[in-house]
Amino acid sequence: MNSPRKQLDERFARAFAAAFPDLEPEGDLVVAASNPQHGDYQCNQALALARQLKSRPRDIAAKVLKQLDVTDLCEAPEIAGPGFVNLTLRPGFLAQQVAERVGDPRLGVDPAPARTLVIDYSSPNAAKPMHVGHIRSTVIGDALARTLRFVGHQVIADNHLGDWGTQFGQLIVGWRDFADHDALAKRPMEEIKRVYQAVKEREEQDPAFKERVRQELVALQGGAPEQTAIWEELIALSRRYSENIYQRLGVQFDVWHGESFYNSMLAEVVTDLENRGIAREDQGAVVVFFDTPTDPPNLKPLLIRKSDGAYLYGTTDLAAIKYRVDTWNADLLVYVTDGRQQDHFKQVFQTARKWGYTQQSLEHVWFGTIQGEDRKPYKTREGDTPDLLALLDEAEERALAIVREKQPHLSPELQQRVARVVGLGAVKYFDLSQARTSDYVFSWDKMLAMNGNTAPYMQYAFVRINSILEKCGIDPATLCGPLTLDDPAERSLARAALELGDAIEETAATYRPNVLTTFLYEVASQFSTFYERCPVLAADEAVRTSRLTLCRLVARTLELGLSLLGIETLPRM
RNA sequence: GCGCCCGUAGCUCAACGGACAGAGCAUCGGCCUUCUAAGCCGAGGGUUGGGGGUUCGAUUCCCUCCGGGCGCGCCA
């Protein structure tokens, strides 16, 4: 079923068609009101179309309103100011809408026409520990994968690991010369990091050693069995390490196709591009130039094979596009990486289009950097890039300290559990609530705050509703109205919650999870107002049923919305 | 040099062509014998970096200047 906004939109579309048959209005006809004073929704099309129709906006609006029938949805539409049409939903309509979706598994959010999409996120370097820099790709990618899947798309989540490259020459030598294999088994990534650093130090002092590293890399890349075996063990250790992190974060992938997965396809990609005249040799390397009239201006060339014959990550990206389209028939490819790679993806996408991938949508969903209080990239006090595991530990520790202070009567086990869910939720939510493309300042205090647009605030709102539903003596699953929304707080809350579908749709369409967090914050804060103003359990029978039903919808809305962001809720905290 | 991003309240951030630019924190003032006060209600606080332009309408689009960040052929 459609959101109230969409229902209004459809009515307006019909009215416009009747009033102006030749017209094809663009975009949404009905949008959320910019100010509660102007009602719930508004239509601004009369202003937008005034020039085209050579008519005054207010006259256009009046003509449309003659054709418009929305009496079952809202009060009489009002033409305001220069030609806005203001719409205020009828409480009865809101009540009926709540009742209709409160029991629906999808809360009345219809699936969209499905596409097959591959979403590429997280993609850590398999030879290094994950650090704070991996949060954004991992958390945003996971939230988008969940949301796109909910919307109805067939989603393939792909972890495109950096599991191939020069670091492995160093690690193979390190494996032989420096590695403590017990330590590797116990804390693999710490030991790999130590070995890697030891090799790098030695390389600086010893040219012969450095040459050995180079030769091991050549052997690996040539497919030598011994080197390949060591590499495979390294990858397995690395995978165990990152799976531990993903498990903790609740992040999942459908496939782990790292760079090495595409090795066997790279030569063919390059020769194919050469044969088609898309790439050509230049100074010993093979390069794609963007110098035809259909290419965007100022796009720098993309190198796809080095003069020594080695391939580059652009080559791998192109092979991956081919693979994803050939194998899964994907028609939408989404890449979640930081903004510094914008030029790279412009080059890769443009090459792919020249190559014939014109029917597929290619989306680079980029994000800004995480900064410290000093406005520089976030670092520990020692100046290191913060380790991701340590960061997750700290999130839980900080959350635990708060839980112990605020809820000393809870059992230690429950305190732990609350701390885990709240701490991890706080880190994720804080990231997701930022406009994706902005840089943001990392702040423990802000993300763990109980007030404002934070995970703890959402989770707390959920707990308060849950507490009411537990005490009401009725199985919440049976609550389905009827509702009366007489109090303004009830009305606002219902209106807010009914915008779930709009928020999810916009999040999916624009790849902006902060659209969803803003929606959830609106619902949670409307609920807090309602909670203070409108007693539920103590109300008379009819009002009680109505309010309980509203509570159920809100609880389910928060739970569903948070789950799409990969954030858990708790019954108590 | 070329290109990308950013500049909004004291601070951290929203608003991606619509009406007087919104939150949280901080500041000030109220609300717990009542569903979890980890909360709620209220107040003050802005020439959206400057200047042009497009538009009925610009924080939003275009140009320019200032300030900050980032990327740019053999790393990923």
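Quick note on labels: first sequence line is chain A, next is B, and so on, each numbered from 1. Only this structure's heavy atoms are used, side chains among them; waters, hydrogens and symmetry mates stay out.
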Can you tell me if A/Tyr531 touches the phosphate of B/A37, counting only side-chain N or O atoms and a distance under 4.0 Å to OP1 or OP2? yes

Suppose you measure atom P in B/C63 against the same atom in B/G46; what distance do you get, rounded to whole Å? 31 Å

Item checked: Between B/A9 and B/C65 - P atom distance, rounded Å -> 25 Å

A/Glu522 CD to B/G24 P, in whole Å, measures 11 Å

Query raised in the report: Mind checking whether A/Tyr262 and A/Tyr313 have ring centres under 6.0 Å apart?
Result: no

Between CG of A/Leu273 and P of B/G73 the distance, given in whole Å, is 20 Å

Hydrogens and angles aside, do A/Tyr429 and A/Asn453 bring a side-chain donor and acceptor to less than 3.5 Å of each other?
yes

Any strand, both distances under 3.5 Å, Watson-Crick or G-U wobble: B/A23 pairs with B/U12

Aromatic ring proximity A/Tyr121/A/Tyr335, centre distance under 6.0 Å: no

Among B/C20, B/G73, B/U12, the one nearest any side-chain atom of A/Val441 is B/U12

| said: Whether the side chain of A/Ser307 and the base of B/C74 hold a donor-acceptor pair under 3.5 Å is what I'd like checked. | reply: yes

Rounded to whole Å, the OH-P distance (A/Tyr313 to B/G71) equals 11 Å

| query | Is NZ or CZ of A/Arg436 both nearer than 6.0 Å to the six-membered ring centre of A/Tyr511 and within 45° of the ring axis? | reply | no

> Is the distance from OP1 or OP2 of B/C25 to the nearest side-chain N or O of A/Asn451 less than 4.0 Å?
Replying inline: yes

**Prompt:** If you measure from the P atom in B/G17 to the same atom in B/A76, how many Å do you get, rounded?
**Reply:** 38 Å

Between the base of B/A19 and the side chain of A/Asn86, is one N or O donor paired with an acceptor at under 3.5 angstrom? yes

Worksheet item: If the C1' atom of B/U34 is compared with that of B/G39, how far apart are they to the nearest Å?
Response: 14 Å

### Message
Over all strands shown, is A/Ile465 touching base, sugar-phosphate only, or nothing at heavy-atom distances under 4.0 angstrom?
### Response
nothing

query: Between A/Arg512 and A/Glu506, does at least one N-O distance fall below 4.0 Å, as a salt bridge requires?
result: yes

Going by 5.5 Å between centroids and 30° between planes, is there a stack of A/Phe84 over B/A19? yes

- prompt: Hey, is A/Asp487 close enough to A/Arg491 for a salt bridge, meaning N to O under 4.0 Å?
  reply: no

The nucleotide from B/G73, B/C41, B/A38 with an atom nearest the side chain of A/Val418 is B/A38

Among the nucleotides B/A38, B/G73, B/A14, whichever has the atom closest to the side chain of A/Asn514 is B/A14

In Watson-Crick or G-U wobble terms, with both distances under 3.5 Å, the base opposite B/G39 is B/C31

Of A/Lys346 and A/Ile468, the one whose nearest nucleotide on RNA chain B sits closer to the 5' end is A/Lys346

Under 4.0 Å from OP1 or OP2 of B/C40: is there any side-chain N or O of A/Tyr457 that close? yes

| message | Taking atom types as they are modelled, would you say the side chain of A/Gln459 forms a donor-acceptor pair with the base of B/A38 within the 3.5 Å cutoff? | response | no

Quantified in whole Å, what is the P atom distance between nucleotide B/G73 and nucleotide B/G53?
40 Å

Exercise. Side-chain N or O of A/Arg375 less than 4.0 angstrom from OP1 or OP2 on B/U12?
Worked result: yes

chi for B/C5 classified (syn = within 90 degrees of 0, anti otherwise) as anti

Taking the P atom in each of B/A21 and B/C16, what is the distance between them to the nearest angstrom? 15 Å

Q) Does B/G68 have OP1 or OP2 sitting under 4.0 Å from an N or O in the side chain of A/Lys376? A) no

Are A/Tyr323 and A/His257 close enough that their ring centers fall under 6.0 Å? yes

To the nearest angstrom, the CD1-P distance between A/Ile304 and B/C74 comes to 15 Å

Per atom distances to the A/Ala435 side chain, the nearest of B/C75, B/C20, B/A14 is B/A14

### Message
Between B/A14 and A/Thr518, counting only base atoms on the nucleotide and side-chain atoms on the residue, is there a donor-acceptor pair under 3.5 Å?
### Response
no

- prompt: Distance check: side-chain N/O of A/Ser528 vs OP1/OP2 of B/C40, anything under 4.0 Å?
  reply: yes

When rounded to whole Å, the CE to C1' distance for the pair A/Met458 and B/G39 reads 13 Å

Less than 4.0 angstrom between a side-chain N/O of A/Arg340 and OP1 or OP2 of B/A76, yes or no? no

Rounded to whole Å, CG of A/Asp338 lies from P of B/C5 at a distance of 15 Å

So what does A/Arg533 touch, heavy atoms closer than 4.0 Å: a base, only the sugar-phosphate, or nothing? nothing

**Prompt:** Which part of the nucleic acid, if any, lies within contact of A/Asn453, taking any heavy atom under 4.0 Å across all strands shown: a base, the sugar-phosphate backbone alone, or nothing?
**Reply:** nothing

Write down the distance separating the C1' atoms in B/A26 and B/U12, rounded off to the nearest Å. 11 Å

Partner of B/C70 under the Watson-Crick or G-U wobble criteria, both distances under 3.5 Å, comes out as B/G3

Of B/C2, B/A23, B/G39, the nucleotide closest to the side chain of A/Asn298 is B/C2

Between CZ of A/Arg464 and P of B/C35 the distance, given in whole Å, is 11 Å

In this structure, CG of A/Asp40 is separated from CG of A/Leu8 (nearest 0.5 Å) by 9.0 Å

The answer to which of A/Gly452 and A/Leu303 contacts RNA chain B further toward the 5' end, by nearest nucleotide, is A/Gly452

By the Watson-Crick or G-U definition, both distances under 3.5 Å, B/U47 is matched with none

Which of B/G18, B/G73, B/A38 is nearest the side chain of A/Gln283? It is B/G73

Between CG of A/Asp282 and C1' of B/C74 the distance, given in whole Å, is 11 Å

Heavy-atom closest pair (A/Asn159 atom, A/Pro124 atom, distance to 0.1 Å) is OD1-CD, 3.4 Å

*asked:* Under 4.0 Å from OP1 or OP2 of B/A37: is there any side-chain N or O of A/Tyr460 that close?
replied: yes

Notebook entry, point to check: For A/Ala538, which contact category applies under a 4.0 Å heavy-atom criterion: base, sugar-phosphate, or nothing?
Noted result: nothing

Practice prompt. Look at all strands and tell whether A/Pro535 reaches a base, only sugar-phosphate, or nothing, counting heavy atoms closer than 4.0 Å.
Written response: base

Distance test, side-chain N/O of A/Ser34 to OP1/OP2 of B/A19, below 4.0 Å: yes

Given the options A/Arg417, A/Glu470, A/Gln407, A/Arg572 meets side-chain contact (heavy atoms from CB on, under 4.5 Å) only with A/Glu470

